[in-house]
Amino acid sequence: MLRLMNTVCDNLSSDDNKVIITSGSFGEGLEMRGSDIDVMFVTKNINVHDKITPITFDPTKTHFSLMTDNSKPGFAMLRLISSPYPRMRNICEQFRGDKYLSNVLFKQNFLNEISPVVHGPCLSDINGHMDFANCLHSKYWVTSASRWPMRSSDTWPNEITKPTIINHGVLFVPIGAKGSPNEELEWRMSFSVGEKLLIYTFSHSQLLCYALMKILLKDIINSDSRCKNVLCSYYIKTIIFWISEELQPSVWTPENLIPCFMRCFSRLIYCVQYQVCHHYFIPENNLFENKIEGMDRDNLMETLRVLFSYGWRCILFSKQISHFPVLSCKFLNDKSVLCYEDINKLLKSNICVNVTSMRSKHNEFVRVVHNIITCNSKKLKYMHAYFLSVVCNKRCQSVYLSRTVSNKSQYRQYNMCLSYLLMNINHDAVSGWLMTASLFYKTNQYDKSLIIILYALSKCTLDKLFYRKELSVTQKRQVKSLLVQKKTVLHLLKFVLVDSVFFASPTFIPTELIMEGSGFEIPPVVYAHFLSFLCHNHQKNVRECRNSLRDLQLTITEDYFIGEDESLKSSSYYCLGTALQLMGDKVSAKQAFTETVKLLSRYPYAIKRLKRLF
């Protein structure tokens, strides 16, 4: 499911200028503890060629020629052929009479507030949770990897996978070979798409073995301070590829999982001992060259030999494995148990970050609608309906509701917003309805807003799910009842998930709440009671105002659908302070606002948005 969601999200987020590829463990569908999100942005208006011919030359694009003579295997320099863009020509440097693209200047070109840190070939956020790699594409299979299709066996990868990988071509990421005299002008060849396709061909036992090796590295080997970050997961992946090519697919069975795991572990020790790990596609490229040597190698060898002496039981040193919940046999035939695990993983997954980062461009909207209409698979239809809901959530907020235009234009804007909002109710049970209630409030239709608020509150019950929360017993009963109706996990979210209300722009934010900037998120029940308070306040319903204010205070006190997120708690207190201020209770309002600032003290950028309070 993670693979499919990532693929759909990537396809819909890509546009005429770039292709987005979710890579790394997350892109492979192996979201494990400590994994970050790796995203590649492939620029479409730059082409990398082995040879330039009149047929392939497009004067509206930038063209580079691949030069490998002065680089070690797996790396290349990109010589500028032509570019209509002065900015691109400016980040090229002179070398032996020609201009070559500088990987350093290329990365600096993409630095921004979201990703201000250079991390190898990537740009990372401050916390290191997300890596963004801006890269170039060559649709040609590079000469240095030309022997791979003939070398690899016919059993794995199969004859269908090989041409698919070759047809995807090769990517180039902005980093040179360490210690090379031309390090700043070199680019590393990346086979990320091909490697992801190879992982997709893995049997379940192969995938388990790969996951166990990654856990061995991340949780056990790296726990030794002497060995931390000496090895990386890419070496593990490379070793798995080589062993998969050597063994017959019939060997990768559940009963052979331990021997296969120990074989991979043994190969890792061999590679470290002899300081050699051949790149899977370009064997001439030794991944360990100038990297694992001296004391690092000696300490690593000592740790690996000690762990290997424990046999397969060394994996039990990982807390992920030692605390793994074991299902008793009587539950194995209950499909709902496995579905609970799927939903738990999905709610805590980084896929939520990936999906919500989608933009609301027109081409995304058109492609989602087209895929829903033309797709034959019910599973894919529900998945695209989920993405359509996310896209419409942002798209409706990009419509500007102006009161200075003609009545006809206002009517058109209103209907456009309402149509998007009604398509924004498929990714959870509540937030889309509360956004619709906001539209009615902003257009002074208070009675309609109150009706929808009551409907939304009726869905905010304890049997519903909340992001990054474990399923309770009551919630499991709710899921089980829906499973009887044969609903997919994603389709279940429409009925059982309660999400917070996120305002990406001021379009639907009540005037009383508008701050500087954008990106305001409020817990669903908090917002429902606050919006109810505002509606009654405009209608001069004093008693109902007090009831809504009491419910708002109780919701915050009882921590009802708020969770541990400090930004959600701060927005809750901000809503409470605003309501108290409107009621004339300035002392209590000041206390609520003080709590807001206290919770936001860890986020200095957010304090600027609270200027209007002082």
Side-chain angles (χ1 to χ4, degrees), residues 428-442 444-467 469 472 474 498-503 508-515 520-600 610 612-613:
D428 77 310
V430 173
S431 69
W433 290 111
L434 289 176
M435 198 71 81
T436 307
S438 281
L439 171 66
F440 289 134
Y441 173 76
K442 292 275 281 193
N444 303 326
Q445 301 178 74
Y446 305 120
D447 288 333
K448 287 183 181 179
S449 183
L450 287 167
I451 291 170
I452 292 178
I453 290 168
L454 286 173
Y455 177 70
L457 283 171
S458 72
K459 289 174 169 285
C460 296
T461 52
L462 289 173
D463 60 347
K464 296 296 191 296
L465 317 179
F466 195 56
Y467 272 129
K469 288 275 189 178
S472 65
T474 313
V498 172
D499 197 7
S500 53
V501 185
F502 182 79
F503 296 103
F508 299 119
I509 304 180
T511 311
E512 296 84 353
L513 274 185
I514 292 180
M515 297 182 183
F520 194 37
E521 191 171 9
I522 308 175
V525 182
V526 168
Y527 184 64
H529 290 307
F530 176 71
L531 194 59
S532 175
F533 168 84
L534 292 179
C535 289
H536 289 304
N537 187 51
H538 278 279
Q539 293 180 324
K540 309 298 182 186
N541 297 332
V542 179
R543 180 182 292 179
E544 295 301 328
C545 267
R546 288 175 178 166
N547 289 341
S548 295
L549 181 58
R550 181 201 61 212
D551 292 337
L552 176 57
Q553 290 172 315
L554 189 62
T555 300
I556 296 172
T557 304
E558 297 292 328
D559 192 19
Y560 196 61
F561 284 107
I562 297 176
E564 300 300 319
D565 192 315
E566 290 185 352
S567 64
L568 289 178
K569 288 182 179 180
S570 68
S571 63
S572 300
Y573 278 106
Y574 183 58
C575 289
L576 177 60
T578 303
L580 289 166
Q581 198 172 53
L582 290 170
M583 287 292 286
D585 189 348
K586 293 183 179 180
V587 175
S588 299
K590 187 175 180 180
Q591 291 175 351
F593 288 142
T594 302
E595 191 65 29
T596 303
V597 176
K598 188 190 300 182
L599 288 165
L600 284 176
L610 297 171
R612 69 188 294 269
L613 300 180

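What you see below is based on every heavy atom in this structure, not just the backbone, and it leaves out hydrogens, waters and symmetry mates. Just so it is clear, the structure is predicted and the values come from calculations on it, not from any experiment.
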(request) Please report the C-alpha distance between Thr578 and Glu512 in whole Å, then the side-chain angles of each, then the deciding distance to 0.1 Å, and finally whether the side-chain hydrogen bond (donor to acceptor under 3.5 Å, both in side chains) criterion is met. (result) CA-CA 7 Å; Thr578 303; Glu512 296 84 353; over 6 Å; no
(request) May I ask you to test the Leu554-His529 pair for a side-chain heavy-atom distance under 4.5 Å? (result) no
(message) Under the criterion side-chain contact (heavy atoms from CB on, under 4.5 Å), I'd like the reasoning laid out for Lys442 against Leu439: C-alpha separation, chi angles, the key distance, then a yes or no.
(response) CA-CA 5 Å; Lys442 292 275 281 193; Leu439 171 66; 5.5 Å; no
(message) With rounding to the nearest 0.5 angstrom, report the CD1 to OG distance, Ile562 to Ser572.
(response) 4.0 Å
(message) If we ignore hydrogens and angles and just use 3.5 Å, is the side chain of Ser548 paired with the main-chain N or O of Glu544 as donor and acceptor?
(response) yes
(request) Check the pair Gln539, Asp447 against side-chain contact (heavy atoms from CB on, under 4.5 Å), reporting the backbone distance first and the verdict last. (result) CA-CA 9 Å; Gln539 293 180 324; Asp447 288 333; 2.8 Å; yes
(request) For the residue pair Lys590 and Thr594, establish whether any side-chain heavy-atom pair is separated by less than 4.5 Å. (result) yes
(request) Starting at CD of Gln581, measure out to CG of Leu576 and round the result to the nearest 0.5 Å. (result) 11.5 Å
(message) Testing the basics here: between Phe502 and Met435, what is the closest heavy-atom pair and its distance to 0.1 Å?
(response) O-CE, 3.4 Å
(message) Less than 6.0 angstrom separating the ring centers of His538 and Tyr441, yes or no?
(response) yes
(request) Measure from the side-chain N and O atoms of Lys448 to the backbone N and O of Ala437, and report whether any donor-acceptor pair falls under 3.5 Å. (result) no
(message) Using 0.5 Å steps for rounding, measure from the CD1 atom of Ile522 to the SG atom of Cys575.
(response) 4.0 Å
(message) Do Leu534 and Leu582 make a side-chain contact, defined as non-hydrogen atoms from C-beta onward lying under 4.5 Å apart?
(response) yes
(request) Would you check if Pro524 and Phe561 make a side-chain contact, meaning some heavy-atom pair closer than 4.5 Å? (result) yes
(request) Please round to the nearest 0.5 Å and tell me the distance separating atom CG of Asn537 and atom SG of Cys545. (result) 4.5 Å
(message) Before you tell me yes or no, could you show the steps for Tyr455 and Thr436 under side-chain contact (heavy atoms from CB on, under 4.5 Å), namely the whole-Å CA-CA distance, both residues' side-chain angles and the distance that decides it to 0.1 Å?
(response) CA-CA 12 Å; Tyr455 177 70; Thr436 307; over 6 Å; no
(request) For the pair Thr596 (side chain) and Tyr574 (backbone), establish whether a donor and an acceptor sit closer than 3.5 Å, ignoring hydrogens and angles. (result) yes
(message) Would the distance check show the side chain of Ser431 and the main-chain N or O of Val501 forming a donor-acceptor pair, the cut-off being under 3.5 Å?
(response) no
(request) Can you measure from CD1 (Ile556) to CD (Glu595) and round to the nearest 0.5 angstrom? (result) 10.0 Å
(request) State yes or no: are the ring centers of Tyr527 and Phe503 separated by less than 6.0 Å? (result) yes
(request) Working to the nearest 0.5 Å, report the span between CD of Glu558 and CG of Asp551. (result) 11.5 Å
(request) Answer yes or no: does atom CZ of Arg546 have more than 12 heavy-atom neighbours from other residues, nucleotides or ligands under 6.0 Å? (result) no
(message) In the structure I gave you, are the side-chain heavy atoms of Ile509 and Ser438 within less than 4.5 Å of one another anywhere?
(response) no
(message) Walk me through whether Val542 and His536 qualify under side-chain contact (heavy atoms from CB on, under 4.5 Å).
(response) CA-CA 7 Å; Val542 179; His536 289 304; over 6 Å; no
(request) State whether the side chain of Asp428 and the backbone N or O of Asp499 hold a donor-acceptor pair below 3.5 Å, judged by distance alone. (result) yes
(message) Any non-hydrogen side-chain atom of Val526 less than 4.5 Å from a side-chain atom of Leu568?
(response) no
(message) Contact between Leu462 and Tyr560 at the side-chain level, heavy atoms closer than 4.5 Å - yes or no?
(response) yes
(message) I'd like to check the side-chain hydrogen bond (donor to acceptor under 3.5 Å, both in side chains) partners of Tyr573; sequence neighbours left out, ordered by chain and number.
(response) none
(message) Does any part of the side chain of Phe533, heavy atoms only, come nearer than 4.5 Å to the side chain of Met583, both counted from C-beta?
(response) yes
